[in-house]
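Dropping a structure here in structure tokens format, bear with me for questions.
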Amino acid sequence: MSQQSIQVGESPQVQYLLRLGDSCLVLAQRICEWSGHAPILEEDLALSNMALDLLGQARALLTHAARLDGQGHDEDQLAFLRDERQYLNPVLMELPRGDFAFTVLRNFAVSTWLLLLWRRLEGSSDAELAAIAGKAVKEAAYHQQHAADWVLRLGDGTEESSARMRAALGTLWPYCNELFDSDAVDAAAAAQGLGPDWASLKDEWRAQFCEVLADAGLDCPKDSAYQSQGRRGIHSEHLGHMLATMQYLQRAYPGGVW
Amino acid sequence: MSQQSIQVGESPQVQYLLRLGDSCLVLAQRICEWSGHAPILEEDLALSNMALDLLGQARALLTHAARLDGQGHDEDQLAFLRDERQYLNPVLMELPRGDFAFTVLRNFAVSTWLLLLWRRLEGSSDAELAAIAGKAVKEAAYHQQHAADWVLRLGDGTEESSARMRAALGTLWPYCNELFDSDAVDAAAAAQGLGPDWASLKDEWRAQFCEVLADAGLDCPKDSAYQSQGRRGIHSEHLGHMLATMQYLQRAYPGGVW
Amino acid sequence: AQREAAFEARIAAGDFIEPKDWMPEHYRKTLVRQISQHAHSEIVGMLPEGNWVTRAPTLKRKAILLAKIQDEAGHGLYLYSAAETLGTSRDQMLDALHTGKAKYSSIFNYPTLNWADIGVIGWLVDGAAIMNQVPLCRCSYAPYARAMIRVCREESFHQRQGYESLLVMMREGTAAQKAMVQDAVNRWWWPALMMFGPEDKDSPNSEQSIRWGIKRVTNDQLRQKFVDATVPQAEILGITLPDPDLKWNAEREAHDFGKIDWSEFWRVVNGEGPLNRERLGARVKAWEDGAWVRDAALAHARKQATKEQAA
Amino acid sequence: AQREAAFEARIAAGDFIEPKDWMPEHYRKTLVRQISQHAHSEIVGMLPEGNWVTRAPTLKRKAILLAKIQDEAGHGLYLYSAAETLGTSRDQMLDALHTGKAKYSSIFNYPTLNWADIGVIGWLVDGAAIMNQVPLCRCSYAPYARAMIRVCREESFHQRQGYESLLVMMREGTAAQKAMVQDAVNRWWWPALMMFGPEDKDSPNSEQSIRWGIKRVTNDQLRQKFVDATVPQAEILGITLPDPDLKWNAEREAHDFGKIDWSEFWRVVNGEGPLNRERLGARVKAWEDGAWVRDAALAHARKQATKEQAA
């Protein structure tokens with residue numbers, strides 16, 4: 001009945017799944033912060049819909065990762081009892097929710113990336129992962145379309161909205177690099193046919209992302225030299241605060257059944 | 001090594017001390033949120049000074065309360081392992097830090113109240129409490145003076161600062177009632193000579209508070225009918241979030257030595 | 001006056017009124033007030049639950065809570081649409097909310113202080129809301145009745161989910177969890193009873209509303225029905241309802257229960273509840289913070305329209 | 001030129017220069033740059049530590065951390081005052097910081113990710129800062145030297161407190177806590193070594209600064225001294241410094257150590273570190289959010305002055 005943190009194994013397969021699963025979970029958690037505070041009621045609906053989809057994807061991935069990890073953990077132990085260093089999402093997902101411009105732009109960046117990734121994962125050698133991807137592809141396509149519409153509206157709308165979009169882009173851009181980082185975990189995943197090396201998605205992502213930016217009257221920035229390290233468990237100062245909130249009940253009520 | 005929450009006993013003496021100790025602790029925690037973000041460097045110093053004094057008072061009171069409670073707890077178990085319902089500060093202390101106007105006005109309201117209370121507690125039948133009060137009186141007097149200066153500056157300063165002070169007053173006022181609430185715990189404290197019934201401080205507090213408001217060009221509001229219940233463990237939605245952050249490390253690292 | 005007599009006859013015959021039909025001004029106003037108040041309650045009601053989304057204790061519970069809040073946003077949308085058929089725009093209704101002219105259910109001025117509050121809101125607050133709302137599925141104004149059919153169906157689902165989550169904690173949980181559930185019930189029981197409104201003798205709007213088929217059962221009747229339905233559920237849960245006077249009255253074949261603190265009811269209705277200021281403040285802030293977004297969407301739509309005309 | 005020769009002679013004789021004394025423009029500018037950069041570092045340095053004040057694991061540690069941050073605000077104040085004696089106002093210096101013209105120590109562009117980071121910052125970052133700063137207590141410009149004496153005394157205290165907190169975790173703590181300390185050391189070791197600045201061969205300002213007594217020891221000398229002082233402390237702690245090449249060289253009577261990643265150093269100095277944007281953004285936001293407060297204080301002071309004149 002101790003709420004000691006748990007650790008997952010070092011298997012590249014598990015790590016690969018957690019990088020993706022944690023991405024979905026952490027972004028869902030950020031989007032949840034809008035609950036009841038969106039600029040229009042339709043967006044309260046749309047944002048909670050997106051959070052729900054991401055949460056569903058995260059649950060499937062964490063459950064699958066826990067099974068492969070073979071220590072008898074479940075999705076909740078992975079979500080609520082891993083400490084920050086064991087979370088493997090890119091830092092982009094954990095950045096504070098920001099204003100609606102930042103939310104929309106991040107949702108667009110992430111859903112574009114996820115859609116590319118899910119499409120490749122539909123052909124995964126891991127049947128379970130392929131099944132998760134098959135469902136997620138449709139969801140991500142909708143998220144991407146919805147976010148792109150907003151990028152257009154806000155980029156094109158008023159002077160203020162366009163300025164906010166440029167500021168959001170400045171904040172977000174340096175963290176996009178990490179979506180296309182590549183290491184031994186990617187290499188193993190690619191070799192096994194588990195999934196693509198993330199780096200292989202970069203050109204297509206950039207083309208799609210920048211095309212919508214251009215339509216919205218925004219310039220595609222030059223590559224940033226900064227490389228965040230969330231995929232290796234080295235996060236920003238924001239994740240710790242998020243986990244303190246998210247994990248509190250599980251930590252404070254050891255042995256609870258919910 | 002379990003991090004189960006602890007419970008303190010129902011003794012009125014312990015409850016009386018915790019109402020005060022938790023007030024100091026929770027307000028100190030709120031003031032800490034300004035760390036590095038004050039409007040001028042001198043206020044970074046002044047606010048952290050006030051937080052330190054309050055924290056020192058809280059530590060003395062919690063240590064004393066734990067001893068009287070006789071369950072072998074220490075100040076840290078009381079601070080980090082009690083859940084929200086066991087925290088007994090008035091809700092006023094836990095309201096979000098707000099803008100600088102709200103911070104200044106709350107600090108003025110609370111330090112005026114604490115100064116009146118500490119002065120009475122200097123004559124407590126509990127020698128330890130009297131000693132704590134003897135030290136705290138000087139600190140509270142300084143906090144009150146410093147906060148009053150700012151109430152004057154901001155109330156009198158510009159249209160914006162005066163509007164912000166009025167808004168802060170509107171937010172804060174309904175929660176001030178609880179500082180002068182009175183129940184069996186107060187009655188027992190007064191009967192034992194432990195300390196005053198809080199209700200007995202009301203007239204003097206109101207006179208001092210409203211005098212400074214008047215000097216600052218602000219109207220003293222009429223009594224609010226609202227009565228918050230923090231002293232009986234029924235808080236606002238804010239305390240839970242504060243405790244999730246504050247207690248996280250103790251909850252997540254059972255058995256830790258710091 | 002002839003049209004009014006015909007209208008009253010249709011109502012008496014149990015006919016439904018559609019937006020294009022003639023209706024008395026007072027009927028229209030009463031409906032707009034009631035439907036918009038209901039819509040406002042849905043969106044203000046997202047706030048106390050939203051307070052726990054980021055802290056839900058399992059991913060499944062987080063998903064259930066998110067979905068519930070999403071449903072509430074959906075209810076808000078249908079209800080605003082239903083009210084719009086009566087000629088008042090959503091922006092007008094929101095303005096009335098934000099300036100304090102329109103009301104929302106007072107229950108949402110109470111805080112959610114522990115996780116069990118989420119289950120208890122589902123069980124008691126949604127339960128009371130359903131009692132209030134089921135009769136409205138037969139309301140004389142057709143768009144409102146149609147909206148309510150959907151709302152009631154989803155709320156029954158929420159109520160069952162809330163109750164089920166409490167059952168899990170009470171049956172399988174730790175002592176600390178059981179205490180949490182009891183604490184939540186203690187805080188929500190009386191406010192839930194107040195949701196049915198003042199006693200019939202103090203409820204001036206009831207009579208005409210009932211005649212018009214906008215309301216079909218009285219406050220006290222509904223409250224009694226709610227108590228009778230809830231007591232056995234509480235027993236199954238194993239919690240104590242915080243009312244020493246609550247007991248079965250064999251003669252009435254109903255439960256007697258203690259006196260409601262109506263001074264608290266009126267205090268909260270009149271703005272001095274625990275969170276009146278904060279709830280409205282949160283809605284106003286969301287609205288004001290979002291002004292630039294709505295402006296931008298409008299500006300973009302205008303530019304698009306101009307481009308299309310030019311093409 | 002005669003004055004300049006006299007000035008150089010005073011410096012060479014080890015005299016202190018006071019604000020009213022004549023000094024070469026370049027000396028003045030160099031000092032303003034260095035002192036204000038140091039002041040900025042103190043106030044930006046409050047941010048990574050402030051990130052943990054609300055989460056400190058015990059009340060004692062919270063108090064120690066708060067007091068440390070308070071000292072840093074105090075150091076900022078003395079140092080801005082010392083720089084003001086050279087004719088540049090605090091607002092001018094802050095403006096240079098906020099617009100990115102002035103720098104602050106790059107170390108604060110790294111995040112504090114676990115509680116042990118607070119101890120490690122005390123031990124390694126304050127430790128490195130002290131190595132850099134002790135020679136400045138004999139700096140030729142007297143107000144700076146005086147400020148530095150106080151700063152160094154307080155920082156030594158902070159360093160001991162930081163080290164002590166790590167010692168407690170390593171000696172009495174759980175395995176999870178020990179892992180936390182090691183993780184923190186792994187992340188801070190190399191950035192701490194970079195705090196001494198580029199290697200001497202790449203450090204163009206050094207020579208004249210040393211001649212003028214603004215700087216008294218070279219970067220590489222200080223870095224070596226730091227490594228030699230730190231290695232035995234790490235052994236006592238029982239942590240591993242993350243450098244496989246680190247070893248005692250009996251011939252040099254000093255430690256050899258691995259190659260510093262200077263590309264990272266320059267990346268962070270040039271704005272592409274983990275938090276350059278956020279740190280500066282947080283300072284700018286605090287300044288902008290506080291504008292109305294400063295305006296109000298000024299307006300009030302003016303009104304008071306007018307009243308006093310009138311009286």
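What you see is a predicted model; the values in this text were computed from it and never measured. Sequence lines set the chain letters: A, B, ... in the order given, protein chains first and strands last, and positions in each chain run from 1.
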Between the side chain of B:Arg106 and the main-chain N/O of B:Met93, is any donor-acceptor distance below 3.5 Å? yes
Less than 4.5 Å to any heavy atom of chain D: does that hold for the side chain of B:Leu55, its backbone, both, or neither? side chain
Rounded to the nearest 0.5 Å, what separation is found between the CG atom of B:Leu121 and the CG atom of B:Leu129?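 It comes to 5.0 Å.
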Looking at CG of B:Leu52 and CG of B:Leu47, how far apart are the two atoms once the value is rounded to the nearest 0.5 Å?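 The distance works out to 11.5 Å.
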Using a 4.5 angstrom heavy-atom cutoff, name the option from D:Ala73, D:Gly50, D:Gly45, D:Ala282 with the most pairs to chain B.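 Ranked by heavy-atom pairs under 4.5 Å with chain B, first place is D:Ala73.
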Hey, does the side chain of B:Asp219 reach the backbone of B:Pro221 with a donor-acceptor pair shorter than 3.5 angstrom?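 No: the side chain of B:Asp219 does not pair with the backbone of B:Pro221.
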Nearest atoms (heavy-atom pairs only) where B:Met165 meets B:Ala101: SD-CB, 3.6 Å
Interchain contact, D:Ile69 with chain B, by part (heavy-atom threshold 4.5 Å): side chain
Between D:Leu77 and chain B, with a heavy-atom cut-off of 4.5 Å, which part of the residue counts as in contact: side chain, backbone, both or neither? both
Rounded to the nearest 0.5 Å, how far apart are CG of B:Leu114 and CG of B:Leu54? 7.0 Å
Strictly by modelled atom types, are B:Thr112 and B:Gln208 linked by a side-chain donor-acceptor pair under 3.5 Å?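 No, no side-chain donor-acceptor pair sits under 3.5 Å.
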Is chain B contacted by the side chain of D:Ala56, its backbone, both, or neither, given a heavy-atom distance below 4.5 Å?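 Just the backbone, heavy atoms under 4.5 Å.
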Smallest heavy-atom separation, D:Met195 atom then D:Ala128 atom, equals SD-CB, 3.8 Å
Taking atom CD of B:Gln86 and atom CG of B:Leu78, what is their separation to the nearest 0.5 Å? 8.5 Å
Contact leader toward chain B among D:Gly119, D:Ala296, D:Ala291, D:Gly290, where contacts are heavy-atom pairs under 4.5 Å: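 Heavy-atom pair counts peak at D:Ala296.
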Side chain, backbone, both or neither: which part of B:Ala51 has a heavy atom under 4.5 Å from chain D? both
As an exercise, state the distance from CD1 of B:Ile132 to CG of B:Leu20, rounded to the nearest 0.5 Å.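 Going from CD1 on B:Ile132 over to CG on B:Leu20, the span is 8.5 Å.
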Less than 3.5 Å apart and able to act as donor and acceptor by atom type: which atom pairs between chain B and chain D qualify?
from: B:Gln29; atom 1: OE1; to: D:Lys62; atom 2: NZ; distance (Å): 2.7
from: B:Gln29; atom 1: NE2; to: D:Thr54; atom 2: O; distance (Å): 2.9
from: B:Gly36; atom 1: O; to: D:Arg283; atom 2: NH1; distance (Å): 2.6
from: B:Pro39; atom 1: O; to: D:Arg294; atom 2: NH1; distance (Å): 2.9
from: B:Glu42; atom 1: OE1; to: D:Arg90; atom 2: NH1; distance (Å): 3.2
from: B:Glu42; atom 1: OE1; to: D:Arg90; atom 2: NH2; distance (Å): 3.4
from: B:Glu42; atom 1: OE2; to: D:Arg90; atom 2: NH2; distance (Å): 2.4
from: B:Leu45; atom 1: O; to: D:Gln70; atom 2: NE2; distance (Å): 3.4
from: B:Asp76; atom 1: OD1; to: D:Leu59; atom 2: N; distance (Å): 2.9
from: B:Asp156; atom 1: O; to: D:Lys303; atom 2: NZ; distance (Å): 2.4
from: B:Asp156; atom 1: OD2; to: D:His300; atom 2: ND1; distance (Å): 2.7
from: B:Gly157; atom 1: O; to: D:Lys303; atom 2: NZ; distance (Å): 3.1
from: B:Gln250; atom 1: NE2; to: D:Pro57; atom 2: O; distance (Å): 2.8
from: B:Val257; atom 1: N; to: D:Gln177; atom 2: OE1; distance (Å): 2.9
from: B:Val257; atom 1: O; to: D:Gln177; atom 2: NE2; distance (Å): 2.9
from: B:Trp258; atom 1: O; to: D:Arg61; atom 2: NE; distance (Å): 3.3

Okay, B:Ile40 and chain D: the region with an atom under 4.5 Å from a heavy atom over there is side chain
Under 4.5 Å from a heavy atom of chain D, the part of B:Ala38 involved: backbone
Closest-packed option against chain B by number of heavy-atom pairs under 4.5 Å, given D:Val53, D:Val293, D:Val168, D:Leu59: D:Leu59
Quick check for you: to the nearest 0.5 Å, what is the distance between B:Asp83 atom CG and B:Leu243 atom CG?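 If we round to the nearest 0.5 Å, B:Asp83:CG and B:Leu243:CG are 8.5 Å apart.
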